Amino acid sequence: MPTVTGTDDVFGEVAEKFEFLENFARGYFKRLGFEEVRTPIIEYSWVFRKTLGDSSEIVMHQMYSFEDKDGKEVVLRPEGTAAAVRFYIEKIQSAKPRAKLFYIGPMFRRERPQKGRYRQFHQIGCEMFGFDSPESDAYIIFILSEFFRNIGVQHKIEVNSVGCPTCRPRYSSALKEFFEAKTLCEDCQKRKERNPLRILDCKKDIEVVKDAPNILDFLCQKCKSHFELVLNNLKNFGVKFEINPKIVRGLDYYTGTVFEVFSTKFSNAIAAGGRYDLLVEFMGGHPTPALGFAIGVERTVDLLELSSERNRLGLFICYTSEGKQKAFDFFTRVVVSLNLISAGKGGTSHVGEIREHIVKRFDISVEGTKSLKSQVRYADSQNFRFIAIIGKNEIEKGVITFRDLQNSYQFEMKEDELLF
RNA sequence: GUGGACGUAGCUCAACUGGAAGAGCACGGGACUGUGGCUCCCGGGGUUGCGGGUUCGAGCCCCGUCGUCCACCCCA
């Protein structure tokens, strides 16, 4: 029973990495003043058609769209920015023009799956609205870089400026003119007409592209000085980066600063973003500068190395037939007073330690008719730190045996000693 | 959407030119009669992705289909 092409069940170690990444991102971005927004996974299709560009690959071929029963066309969101902008205009803008938002969630694109690319994938994205300063560009690149540094992912950052509606067309036509005389691969022939900037990305025409005009030489005065200030501020933040004039974002809405984050391990960008000063207005809001980025969760998870030693946690109760009733009594007694246990401190070091672990994880064997051995083996395989053993001996002596599976020693304790 | 490689046990992979489907790991049990990890023994698990075809006989050959992976396209 396979899952839908390009989707997968996330479980075990990978699920732990997802959890770690999402938890870290929430804490990190909240601390930096970003607020989480959970926009719907389905949106009316105009949200993306309008913003990504009707001729973009995503809109043309990759969106999961369908007609709802009321005849409205609905899509599974292919990216997060457009939805965040829609939300900002609708619910935030009139109350406070400046806003810092972040989101975490699944996106959908019907592409052919391959390494680091899935049809359902997850992004962690940040968007800043109402900020036009070059400091804000540098800031958002800085926090992105720090994000990866904090989770121990080696990376490098490349930045560029794609200009604005006054300078980009000039560059476009210069490029077109330059390539006119050259022989290009089949794909690039089409790109020349549709979006000449894309030719810079081509893997076949590398030789031809090498001498192509540089976009940075074509920036208008405003874009040029902004970009220079961004670079200066990046230095102020101490961010290591490279300028790569060949970076072209696939989404039409970018203006000015754009950037991509590459892992040193594989060629895909693990995060990318940039400025999109015209998008809010374009979608019907008041003119508002904005910028943001999205982090590819699956791609990042691939690079995560969690501390390999998974800690043993918790207490697991094992018992024999003679101890069954007492084991169940102990279990229920602990479960009903779990909040007291977490509040309670003190006792011997053993008591404190056992209590600590009970709070984290606590369970009882429901296979008490099996041998004690197999119950202990189960506890071990489930990575419990302690087991409690309740059998004939314990009943007779009025105690419970505790065994530390990590350090291989055991001791006896009275139940009341632990719980009161 | 284009091109290529590959689908055998939960996982990683064997099976000579077509001739009775195997191993390691994992899982379960036992040796250790009340105690995990180490060792040894035993055990459960397969319509060889699916559907056709060729053949006395197909995991192997042919066709189709689905899926996975890789590259292109595109992109996080």
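Here the structure is a predicted model, which is why all the values come from computation and not from measurement.
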Q. Between T320(A) and rG34(B), does any side-chain N or O lie under 4.0 Å from OP1 or OP2?
A. no
(Q) For S365(A) and E367(A), which I'm curious about, is there any donor-acceptor pair between the side chains at under 3.5 Å? (A) no
Q) What is the base-pairing partner of rA5(B), counting Watson-Crick and G-U wobble geometry with both distances under 3.5 Å? A) rU68(B)
Q.
So, under a plain 3.5 Å distance rule, would you say the side chain of S408(A) forms a donor-acceptor pair with the base of rG37(B)?
A. yes
Q) Judged by modelled atom types alone, do Q410(A) and T401(A) share a side-chain donor-acceptor pair under 3.5 Å? A) no
Q) Going by modelled atom types, is there a donor-acceptor pair between the base of rG34(B) and the side chain of R403(A) at under 3.5 Å? A) no
Q. Rounding to the closest angstrom, what is the interatomic distance between rU47(B) and rA9(B) at atom C1'?
A. 14 Å
Q.
Can you confirm whether the side chains of N214(A) and D217(A) place a donor and an acceptor under 3.5 Å from each other?
A. no
Q) In terms of side-chain heavy atoms of T5(A), which of rC74(B), rG34(B), rU68(B) is nearest? A) rU68(B)
Q) Any side-chain N or O of S374(A) under 4.0 Å from OP1/OP2 of rG29(B)? A) yes
Q: Using a 4.0 Å heavy-atom cut-off across all strands, classify Q410(A) as base, sugar-phosphate, or nothing.
A: base
Q) What integer number of Å spans the P atoms of rU48(B) and rA58(B)? A) 12 Å
Q.
Does rA71(B) have OP1 or OP2 under 4.0 Å away from a side-chain N or O of Q114(A)?
A. yes
Q.
Distance check, rounded to the nearest 0.5 Å: E242(A) atom CD versus I157(A) atom CD1?
A. 10.5 Å
Q) Atom NZ of K373(A) and atom P of rU33(B): how far apart are they, to the nearest Å? A) 8 Å
Q: Determine the interatomic distance between P on rC16(B) and the same-named atom on rG10(B); round to the nearest Å.
A: 22 Å
Q. Side-chain donor or acceptor of R110(A) under 3.5 Å from a matching atom on the base of rC74(B)?
A. no
Q: State whether a side-chain donor-acceptor pair under 3.5 Å links E127(A) with T81(A).
A: yes
Q) When you measure from the side chain of R377(A), which nucleotide among rA71(B), rU35(B), rG36(B) comes out closest? A) rG36(B)
